[in-house]
Structures are given as structure tokens and as C-alpha cells.
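Data first, discussion second: the structure below is written as C-alpha cells.
Every chain is numbered from 1 and lettered A, B, ... according to where its sequence line falls, protein lines coming before strand lines. Quantities reported herein were computed from a predicted structural model and do not represent experimental measurements.
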Number of protein chains: 2
Amino acid sequence: MMLMNMQHVIAKLRHSGYKITPQRLEICELILSSQNHPTADQIYQKILRKFPTISLATVYQTLHLLKELGLLQELGFADMSSRYDPNTSPHVNVICPKCGQIYDCEPKRAKELWSQIAAELRFKPVGQRLDVYKYCDKCSNIQSRNSETKNR
Amino acid sequence: MMLMNMQHVIAKLRHSGYKITPQRLEICELILSSQNHPTADQIYQKILRKFPTISLATVYQTLHLLKELGLLQELGFADMSSRYDPNTSPHVNVICPKCGQIYDCEPKRAKELWSQIAAELRFKPVGQRLDVYKYCDKCSNIQSRNSETKNR
DNA sequence: TCTTAAATAATAATGGTTTTTGTTTAGTAT
DNA sequence: ATACTAAACAAAAACCATTATTATTTAAGA
Ligand SMILES: [Mn+2]
Ligand SMILES: [Mn+2]
Ligand SMILES: [Zn+2]
Ligand SMILES: [Zn+2]
């Protein structure tokens, strides 16, 4: 379940009874090869180049479909937006609490942590989400600049 | 930072320059003693009993304030709602993906392995979120009942 | 008690997401 | 190849949790 190529996705769509449409293929390619956990609108803006008449609703529908099929996970955030992650295996999302930048991290100990916790919980989870908050370089610079002068 | 009593909260509000109001005290008591990760509206509905004229906006403002003070964390979800968790230490939220029920779980080795991950990442996180998805008893029953007859 | 900046209640506005509706199309049967 | 039909689409409106605005009230210090 590591390398998720387009042939696999197409097979899964077919097997599940869904139609293969150009819009779906383009959305799948974009999101499944993404690394930065994009929003629905960010995907929509990119798709617009090839499909100038595509609807944002279609992007949302397709993302939900891929979620149902287990090909991605939806990460909800406190600012009431969702970001989509093609990495559904246990891993760490490193997130800047200021600007929202996200990147994946796969520490060796993460798998170990996961299996130990799963064993202690005495059930097999259907999914998981591991977030770690850390100010990115840009935001931590601004942060420190501000705290020099202003303070609460 | 374990037992968060009202005296500590009041001191923190004072020290940070915020006023002690009856509304704030009531909201703090409710959320900081809660176990089920309530939404802002659920807190609002409970507060209404004692403060019939309180505004939902006040609840949101107070929750954001407590978040700034580090007394709780806000958990955003894919259904575009937030739930508030007075437990800010590394722990596991066990979440039903169907009905949204949440309860805390503190595996013995969670904190220790969490710190090992932090060490491997080579930075000190300002926070974290560890979710595990598992259908609750009620929802897993319904789930299995449905999959007997209907199937995709 | 007086003063005033902060907090509150009420209300409107916001914006990401979902729903609705009419049109188009992928997959299949003829 | 053509016709058929349920599914998918685009466009637009609706939804709704949250946030912003504004007038009023109040906590806290002088
Ligand atoms: Mn990720
Ligand atoms: Mn929790
Ligand atoms: Zn940042
Ligand atoms: Zn449930």
C-alpha cells in the first residue's frame, strides 16, 4: 500500500463500480502525488489549468470518494478547513501552528510507538492521526522578532 | 500541570491581565472538568441554565482565551467543527469515525515514546495531537448489521 | 464612588463546504 | 456504430459553525 500508482487507483475505482472520468483521473494524480497536504481549493486552482470549466464541488466529491476508498485521509483543522493527505499509513504530520505549513515525517520510532499503543489499547484501530506542532523557520523568526518588543 | 483547579485558572487569568467574570468562571469550570471533548455549542447549552442571557460568542471568545493561555487545546474535525480538550499533555484520543464519540486514553508508554519521537525529530514540539479511530460499540453494531445485507 | 478600558449580548457577516438542479457523459446493451 | 441510462458533471444557491461588529454593561483600579 506504499506506492499508489494510477493503474491501482483506476482498478479500485472500476472494482468499486465508479466511472473513470478525466476529471477524476486528474484530481487523483494531483492529490496522490502531493507532498504538502493541499486544501480542496488549492487542488481546484491547479486543475483549472487543464479543465477550465471544472467545478469546485466536483473536487470535493472526488476527494470524499477517495477518502471512502481509503486512498487518502482528510485532516480537519481549527480554522475550519480540511487538508488532504495521500499518506494513510502511521506517520507524523509536522505542522506550523502559525502559517499551517505541513510536512510528513516518518521516524523509525513512530511504527514502534504505533504498535505498542495498539497492543495496549487491545483493539485494531481503523486509522490514526499523529500531529506535532512546531513553528517553521519563517514563523519562528517573526515570533522571536515580535517577542523582543511586544510582550503579554 | 496535571490537576487544573479553579484557583490556578483564576491566578493565570489575573497574571495575564484578564478580568475575572462570572461567565468566564462558569465556562472554565465546565470545560476544564469535562471528559468528553465538548463542542462550543454543547458548552453554551449547559451554561444557558445558569446564565440565560449568555452569548455563544462569549463562549467562543473564552475558549480561544483558554487556548492562548495553554489551558486547553482545540481539535478541528473534518465535519467543520471544533471540540475542546482540557488535557494538553501527550495522550491518545480514541474517536469513533461514525458518531464522533471521543474519550481519552493514556497508554503507559505513550509519553515516553512520544518524547523519543521528539528526540528523533530533533526539536521540541509546542504541542501534539494523537488520534486513534475506532468504531464505538453502538456504531460497530450498526456497521456489522448493515454489511450483512447491503454491500458495495 | 468615579472612571475607563475590557468584556458581554445581540446581531450581522464570513467563508469553507454541501446541496440542489439541470445538463452531459461513461459504460453497457442493442 | 447507435441508443440508452444511471452516474457524474457544472453552476448556483444553501448551509452552518465560526468570527466580526457594535452598542451596552461591568470588573478593577484610582
Ligand atoms: Mn501526512
Ligand atoms: Mn483528549
Ligand atoms: Zn509557519
Ligand atoms: Zn460511534
I need the [atom1]-[atom2] distance between [X] and [N], as an integer number of Å.
X	N	atom1	atom2	answer
Phe51(A)	dT24(C)	CZ	C1'	15 Å
Leu56(B)	dA12(C)	CG	P	15 Å
Glu26(A)	dA8(D)	CD	P	18 Å
Leu13(B)	dA27(D)	CG	P	14 Å
Tyr44(A)	dC9(D)	OH	P	14 Å

Please list, pair by pair, any protein nitrogen or oxygen found under 3.5 Å from a nitrogen or oxygen in nucleotides 6-8 of chain C.
from: dA6(C); atom 1: O4'; to: Lys19(B); atom 2: NZ; distance (Å): 3.4
from: dA7(C); atom 1: OP1; to: Arg24(B); atom 2: NH1; distance (Å): 3.0
from: dA7(C); atom 1: OP1; to: Arg24(B); atom 2: NH2; distance (Å): 3.1
from: dA7(C); atom 1: O5'; to: Arg24(B); atom 2: NH2; distance (Å): 3.4
from: dT8(C); atom 1: OP1; to: Thr21(B); atom 2: OG1; distance (Å): 2.6
from: dT8(C); atom 1: O3'; to: Gln23(B); atom 2: NE2; distance (Å): 3.1

| Step by step, would you call His37(A) with Asp104(A) a side-chain hydrogen bond (donor to acceptor under 3.5 Å, both in side chains)? | CA-CA 9 Å; His37(A) 307 69; Asp104(A) 277 356; 2.9 Å; yes
| request: With a 4.0 Å heavy-atom cut-off, tell me which residues in residues 74-85 of chain A come close to DNA chain D, sorted by residue number. | output: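 Under 4.0 Å from DNA chain D: Met80(A).
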| request: Kindly write out the residues that satisfy side chain to side chain donor-acceptor pair (under 3.5 Å) with Arg83(B), not counting sequence neighbours, or none if the list is empty. | output: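 For Arg83(B) there are no side chain to side chain donor-acceptor pair (under 3.5 Å) partners, ignoring immediate neighbours.
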| query | Taking only residues two or more places apart in sequence or in another chain, which ones pass side chain to side chain donor-acceptor pair (under 3.5 Å) with Asn36(A)? | reply |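 In terms of side chain to side chain donor-acceptor pair (under 3.5 Å), with neighbours along the sequence ignored, Asn36(A) is linked to no residue.
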| field | Contacts of type salt bridge (charged side-chain N to carboxylate O under 4.0 Å, His left out), residue Glu29(A), not counting sequence neighbours | value |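 With sequence neighbours excluded, Glu29(A) shows a salt bridge (charged side-chain N to carboxylate O under 4.0 Å, His left out) to no residue whatsoever.
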| request: Could I get the full list of salt bridge (charged side-chain N to carboxylate O under 4.0 Å, His left out) partners for Asp131(A), not counting sequence neighbours? | output: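 Partners of Asp131(A) by the salt bridge (charged side-chain N to carboxylate O under 4.0 Å, His left out) criterion, ordered by chain and then number, come out as Arg129(A).
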List in chain and number order the residues that pass side chain to side chain contact (heavy atoms under 4.5 Å, CB included) with [X], two or more places apart in sequence or in another chain; answer none if no residue qualifies.
X	result
Lys50(A)	Glu26(A)
Gln42(B)	Pro38(B), Thr39(B)
Gln116(A)	Glu112(A), Arg109(B), Leu113(B)

| said: So, OP1 or OP2 of dG27(C): does either fall under 4.0 Å of a side-chain N or O from Arg14(A)? | reply: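 Answer yes for this pair, as a side-chain N or O of Arg14(A) is under 4.0 Å from OP1 or OP2.
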| task | Please figure out whether Ile20(B) or Thr39(B) has its closest DNA chain D nucleotide nearer the 5' end. | result |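 Final value for this comparison: Thr39(B).
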